[in-house]
Structures are given as C-alpha cells and as structure tokens.
Amino acid sequence: MTVVTRFAPSPTGFLHIGGARTALFNWLYARHCSGQFRLRIEDTDRARSTQEAKDAILDGLKWLELAWDGEVVYQSAHADRHAELAHRLLAEGKAYHCYCTPEELAEMRAQARAEGRPALYDGRWRDRDPADAPKDVRPVVRLKAPQSGETVIADAVQGEVRVPNAQLDDMILLRADGTPTYMLSVVVDDHDMAVSHVIRGDDHLTNAFRQLQLFRALDWPEPTFAHIPLIHGPDGAKLSKRHGALGVDAYRDMGFLPEAVRNYLLRLGWSHGDDEVIGTEQAIEWFDLPGINKGAARFDMAKLANLNAHYLREADPDRLVTLIAPALETARGSALTTEHRQRVRAGLSDLLQRAKTLVELADMASFYVLERPLPMDDKAATLLDPENRERLGRLVRDLDGLAAWEHDALETVVRTFADHEALKLGKVAQPLRAALTGRTTSPGIFEVMTVLGRDETLARLRDAAADAAG
RNA sequence: GACCCCAUCGUCUAGUCAGGUCUAGGACGCCACCCUUUCAAGGUGGAAACACGGGUUCGAAUCCCGUUGGGGUCGCCA
C-alpha cells in the first residue's frame with residue numbers, strides 16, 4: 001500500500017508554528033515511507049477564507065522546504081461531489097433530514113448541560129415521519145450514527161481510544177443551504193485523495209470518531225489516524241500570539257534558518273534516543289509515528305536559538321552572505337560592493353561564533369561595510385577619550401610601517417606598542433576596537449584588522465586620532 | 001458540566017509497552033572555574049526531576065486504582 005499523507009490547513013490565518021510541525025510530520029512520514037505528501041486547502045468556509053492566508057501557507061511551506069506532491073487541492077472545488085455523497089446516504093437510509101432551528105438546538109444544548117448531560121443533538125428527527133416537516137424550515141442532512149456500543153480508534157500516536165456512541169450525536173452533513181460541512185468534506189476528500197495516514201493535531205481527535213462513522217457508512221476503507229499533541233507556550237497554556245503562535249514568516253524574519261526550525265520542531269514531541277542535532281536526511285530515515293509523545297510540549301525559543309546557531313555554523317558561507325546582504329545594505333544605506341561582500345565573507349567564520357540568528361549576524365557584520373566616519377555607540381564613544389585618541393595616533397605610525405599586513409605581524413606590533421606605553425594589551429585593544437568597529441565588542445581585533453585591510457584600518461584609526469586634534 | 005488525553009530536572013526528553021543493570025541519562029537554559037584584547041565560542045565542574053496517596057511484587061519511574069494538576073473537544077467553524 002502506498003502511504004499518502006496530507007496537510008490540510010484552513011486558510012483563515014498564517015501558517016503558525018503548530019501547523020508547521022503538523023506539516024513537517026506529514027512530510028517526514030511520507031518521505032520515510034517513500035509515499036506521497038499532499039496539500040489540501042480547506043476553504044469551504046468562504047466567509048473566513050482569504051487569498052492572503054492561502055499565500056501565507058504556501059509561502060511558509062516553501063520557506064520550510066516542505067515540498068508537496070501533485071497539485072494543491074482546494075476543497076471548495078469539490079462541494080458538488082461532497083453533496084452528492086450525502087444524497088447517496090440519504091437514499092440509502094443512512095442519513096435523514098432534520099428540521100430543528102438553530103434556536104431549538106441552542107436550547108437543547110443549554111438544557112442538557114444544565115442537567116449534567118453531554119450537550120448533544122437528541123436525534124428527534126431521526127425516525128420522525130417526514131410528513132411532520134414544517135413547511136417554512138429548510139432542513140439539514142444528518143448522519144444516522146450508531147446509538148449504542150462504542151467507536152474505537154487505533155490511533156498511531158494515542159493508542160487505542162474508545163468512546164461510547166452515546167457520546168456522539170448525529171452530525172450534520174449538509175447545511176440548510178445544501179452546502180457540505182467540514183466533517184463530510186474531509187472524509188470524502190481524504191478518500192478521493194487516497195490518503196492512508198491522517199496525521200494532524202490532537203484537537204481533531206474527537207472529530208476522528210465521527211469521521212470514522214462516516215467512512216463506515218460510506219463503506220470506504222479507513223485511514224490510519226495519528227493525532228499529535230499540540231504545542232503549548234512557555235507557560236503551559238495554549239500557544240498564543242503572545243508567545244509563539246506566530247507565522248513561520250516571523251521566524252524567518254527573526255533570523256532563523258529553515259533547517260534549524262525543522263530540527264527544533266522535530267524534537268518537540270519526538271525523539272530518537274539522545275540525539276539532538278538531526279539533519280533532514282537523517283530525520284527522514286529515523287522518523288516514525290511510534291516515537292511521537294502523547295503529551296503536549298512547550299515552545300522554547302532559547303533552544304531553537306541554540307539549534308539555529310549550530311546550523312548557522314554549518315551553513316554555506318556564500319548563502320549566509322546572500323541572506324544578510326539586504327540587512328547590510330539597509331544598514332549602510334546603499335548597495336554592497338564586491339569588496340564589501342568579500343570582507344563580510346572573510347570575517348564570517350569569526351562572526352559565526354557569536355551569532356545565534358541571521359539578524360544578529362547582520363548586526364555584528366555591519367561595521368565591515370559601514371561608510372567612514374564610523375558611527376560610535378555610547379560605550380565606544382566614551383572609550384575614545386582624548387588620551388586614547390592620541391595614543392591611537394601614535395599607534396598608526398607603528399602600523400603604517402608594517403611590511404606585511406598579517407594577523408601575527410599586527411599582533412606583534414600592537415603588543416610591542418603596549419609594552420612601550422607600559423600598558424596591558426587590553427588597554428590598547430579596546431580603544432582600537434572602538435575606533436575600528438564603533439563598538440566595544442567584536443571578533444578578535446587582529447582578525448578585524450586583517451579583514452578590514454591596511455587602507456581601511458589606517459583610515460578608520462586616523463579618523464579617530466584626528467578627532468583628538470580637533 | 002460531559003467525554004477524551006496527558007503527567008520524569010525550569011524547558012525538550014531517554015528510560016515505561018517486555019518491573020531489577022536508574023544512588024534516573026542526554027540536551028537547552030542557569031551557576032562556577034579555565035582560556036582570554038572585548039564579546040562569544042570552546043573546555044571542565046555544579047545545582048536541578050520520577051506530581052501525590054494507596055495497592056500488586058522479593059523488588060516499581062516502570063503494572064493497577066484513586067487524588068491532584070494540565071490539556072483537548074463538545075457549532076448549520078474548520
């Protein structure tokens with residue numbers, strides 16, 4: 001049997017982090033089984049579905065590099081097919097018309113609740129004579145679900161879960177206006193798309209029982225269900241916008257790499273022994289449904305950042321330069337020259353030991369491409385007092401005479417200079433750093449001088465020294 | 001309220017199904033020290049958990065029951 005999984009979001013908002021994980025698990029499982037990963041947009045609620053949301057979902061999946069197989073299926077396109085099956089059920093006596101008004105239903109629920117009973121439809125039109133039908137009410141179509149016994153799901157993640165059928169009422173298949181409901185559409189589409197494994201958030205677990213009843217009424221083979229736990233916020237409550245229910249685009253903007261997000265999401269609720277860093281190929285090989293935990297996991301930005309730092313260091317340097325180039329151009333206010341790119345490229349490995357995100361990387365790299373005179377942050381400006389500026393002026397003369405502009409030679413000159421001034425190296429290195437980078441923290445100062453090159457280094461130092469004179 | 005699910009360091013988790021090898025392992029974060037021109041990175045070390053109560057058993061983190069806590073679902077939404 002070919003494994004077919006699907007990711008089926010409703011286009012009512014962005015692709016949030018929980019949805020991204022659901023998509024990842026479906027993608028991974030399909031790849032692991034050499035099967036198919038399909039994408040279906042559940043846009044049957046036309047009032048709430050938007051084009052922006054559809055674009056955001058597609059863009060999010062592309063950014064995460066979770067490619068789907070075949071064409072995107074839009075559920076709304078199959079409404080006729082869905083309705084047709086409801087009519088088939090009606091003709092077979094497996095469904096019936098219900099003439100309850102919304103008000104009547106609300107009253108029914110309120111009363112059931114008040115009496116401590118489950119808030120369900122009581123099936124009052126199930127076996128009633130159609131001749132009783134009121135002329136002024138358009139009926140909905142409900143499934144004639146089993147009333148006794150229990151429905152059992154052998155869930156690949158949750159295990160065997162059973163619910164008494166008395167807890168499940170006759171769900172609506174077709175609304176009063178004749179359009180299909182989600183419950184009907186999902187089952188028909190999953191069948192028509194030959195979906196073999198339904199992997200989704202466990203907020204759908206209770207829906208699964210009703211869907212199973214529908215599959216049976218239709219005499220269709222049942223898919224395997226796998227309900228994965230939801231992701232919670234750091235405080236244990238449902239993930240909200242406040243702590244991470246952001247669109248995946250927000251994570252991209254925060255400077256995370258898609259491979260890092262994938263690895264993080266994979267480890268959230270799934271594990272393979274003590275392995276933490278799991279690349280995509282490895283993930284495809286190892287991923288399986290039984291490894292998924294049943295409990296909800298909390299989202300932890302610090303761990304994502306740690307993983308991101310790891311993938312940043314493993315990433316192709318040229319790719320990183322390309323990724324941070326826009327931010328660097330914004331910082332300097334104009335396009336980057338080839339020399340700028342080369343400088344950033346040369347300084348990258350050192351920068352990478354300090355950055356956890358692309359945003360941090362771009363920020364730390366900015367001094368390599370900024371135009372003179374270099375802007376100084378407060379601490380750097382304070383450090384460059386008249387005494388230190390004059391000292392830098394003297395250092396420029398020693399540096400200017402240097403034959404080879406290399407790391408070790410530069411270090412020798414600066415150390416010797418510090419000795420002559422009877423200072424510890426740090427007393428010279430810090431002002432030097434301020435003059436060269438505009439900040440008090442940066443990669444190793446000799447590394448900076450090497451990457452900046454003789455001309456730019458001396459020019460920046462003269463800028464600082466000149467201020468002492470003026 | 002009804003139904004369903006879950007419960008190991010602050011967090012993600014290994015171990016649970018097939019009880020002993022667990023004075024409970026790893027990772028992130030945190031703390032200390034080392035390294036050091038700053039900040040990091042790196043190295044070394046450390047604090048930190050089986051929710052609680054009953055059983056079953058020679059023996060329970062592991063099995064059973066209960067309690068508590070958390071989550072999910074109860075729409076002519078998806």
Side-chain angles (χ1 to χ4, degrees), chain A residues 8-12 42-45 47-49 75 98 100-102 105-106 109 112-120 138-142 153 155 157-159 161-164 166-169 171-177 179 181-183 185-186 201-207 209 227 229-230 232 234 236-238 264 267-277 290 293-307 309 313 350-356 364 379 383 411 414-415 418 424-434 437 439-446:
Chain A
S10 58
T12 53
E42 314 229 304
D43 57 349
T44 50
D45 185 347
R48 292 201 305 153
S49 299
Q75 193 157 59
C98 167
C100 283
T101 60
L105 255 17
R109 278 185 213 106
R113 209 170 175 129
E115 291 170 14
R117 289 183 290 113
L120 303 170
R138 298 183 66 187
V140 297
V141 172
R142 287 183 184 270
I153 289 183
D155 193 279
V157 171
Q158 303 293 332
V161 186
R162 48 186 68 222
V163 163
Q167 292 291 332
L168 272 14
D169 60 4
M171 67 177 141
I172 294 178
L173 265 20
L174 247 32
R175 302 185 184 101
D177 64 3
T179 58
T181 59
Y182 161 80
M183 287 291 186
S185 298
V186 170
D202 69 8
D203 49 336
H204 284 285
L205 183 59
T206 44
N207 288 336
F209 292 95
H227 289 91
L230 267 16
H232 287 175
K238 197 174 180 179
Y264 176 70
R267 277 291 286 106
L268 205 57
W270 178 87
S271 60
H272 183 272
D274 285 339
D275 296 298
E276 297 286 347
V277 177
N293 287 141
K294 297 164 89 170
R298 301 185 190 199
F299 189 83
D300 181 8
M301 194 73 88
K303 188 144 185 176
L304 205 208
N306 173 271
L307 232 23
R313 287 177 218 166
D350 241 293
L351 253 16
L352 248 17
Q353 305 206 303
R354 296 161 173 77
K356 286 190 187 302
M364 293 186 311
K379 284 179 183 170
L383 200 55
E411 178 162 2
V414 176
R415 281 189 188 277
K424 295 183 81 171
L425 181 58
K427 290 292 182 189
V428 176
Q430 275 307 84
L432 191 52
R433 170 170 286 113
T437 70
R439 304 187 180 187
T440 51
T441 64
S442 80
I445 197 62
F446 306 116

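The chains referred to below are lettered A, B, ... by the order of the sequence lines, with proteins before strands, and numbering in each begins at 1.
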Looking only at B:C39, B:G42, B:A14, the nucleotide nearest the A:R313 side chain is B:G42
Next item on the list: Answer with base, sugar-phosphate or nothing: what part of the nucleic acid does A:G201 contact at a heavy-atom distance below 4.0 Å?
Entry: nothing
A:Q167 atom CD is separated from B:A2 atom C1', nearest whole Å, by 6 Å
A:Q158 has its side chain closest, among B:U38, B:C76, B:C5, to B:C5
When rounded to whole Å, the CD to P distance for the pair A:Q353 and B:C35 reads 19 Å
Checking B:C76, B:C3, B:C74 against the side chain of A:A119 (C-beta onward), the nearest is B:C74
Task: Main-chain N/O of A:N306 paired with A:Y264 side-chain donor or acceptor, under 3.5 Å - done: no
Quick note, A:R267 side chain, CB onward, closest among B:U37, B:G29, B:G26 is B:G26
With rounding to the closest Å, how many angstrom separate the C1' atoms on B:U23 and B:A18? 25 Å
Taking A:T179's backbone N and O only, do any of them form a donor-acceptor pair with A:D177's side chain (distance below 3.5 Å, no angle check)?
yes
Here the distance between atom P of B:C12 and atom CG of A:L268, to the nearest Å, is 8 Å
Which is true for A:F446 with a 4.0 Å heavy-atom rule: it touches a base, it touches only sugar-phosphate, or it touches nothing?
base
Using a heavy-atom cut-off of 4.0 Å across all strands, would you classify A:H204 as base, sugar-phosphate, or nothing? base
Looking only at B:G1, B:U13, B:A78, the nucleotide nearest the A:R113 side chain is B:G1
Ranking B:U13, B:C76, B:C28 by distance to the side chain of A:I172, first place goes to B:C76
- Message: Over all strands shown, is A:N207 touching base, sugar-phosphate only, or nothing at heavy-atom distances under 4.0 angstrom?
- Response: base
Review point. Between the side chain of A:R267 and the main-chain N/O of A:D275, is any donor-acceptor distance below 3.5 Å?
Key: yes
- Does A:T437 use its side chain to pair, donor to acceptor, with the backbone of A:S442 at less than 3.5 Å? no
Treating A:Q75 as the side-chain partner and A:T44 as the backbone partner, does any N or O pair qualify as donor plus acceptor under 3.5 Å? no
Partner of B:U38 under the Watson-Crick or G-U wobble criteria, both distances under 3.5 Å, comes out as none
For A:L230, report the nucleic acid contact type (base, sugar-phosphate, nothing); a contact means any heavy atom under 4.0 Å. sugar-phosphate
query = Any N or O donor-acceptor pair linking the side chain of A:D202 to the base of B:G72 at under 3.5 Å?
reply = no
Taking a pair to mean Watson-Crick or G-U wobble geometry with both distances below 3.5 Å, B:G69 pairs with B:C6
Of B:C5, B:U37, B:C77, the nucleotide closest to the side chain of A:V161 is B:C5
Which part of the nucleic acid, if any, lies within reach of A:C100 when heavy atoms closer than 4.0 Å are counted: base, sugar-phosphate only, or nothing?
base
Using atom P in both nucleotides, what's the gap between B:C3 and B:U8 to the nearest angstrom? 25 Å
Walking RNA chain B from its 5' end, the first of A:S271 and A:L205 to be reached, judged by nearest nucleotide, is A:L205
Which part of the nucleic acid does A:A176 contact within heavy-atom distance under 4.0 Å: base, sugar-phosphate only, or nothing?
-> base
Looking at B:A27, does its base get a donor-acceptor pair with the side chain of A:D275 below 3.5 Å?
no
*asked:* At less than 4.0 Å, is any side-chain N or O atom of A:N306 found next to OP1 or OP2 of B:C12? Yes or no.
replied: no
### Task
Looking at every strand, decide which applies to A:T44 at a 4.0 Å heavy-atom threshold: base, sugar-phosphate, or nothing.
sugar-phosphate
Verify whether one side chain among A:T12 and A:R48 offers a donor that lies under 3.5 Å from an acceptor in the other.
no
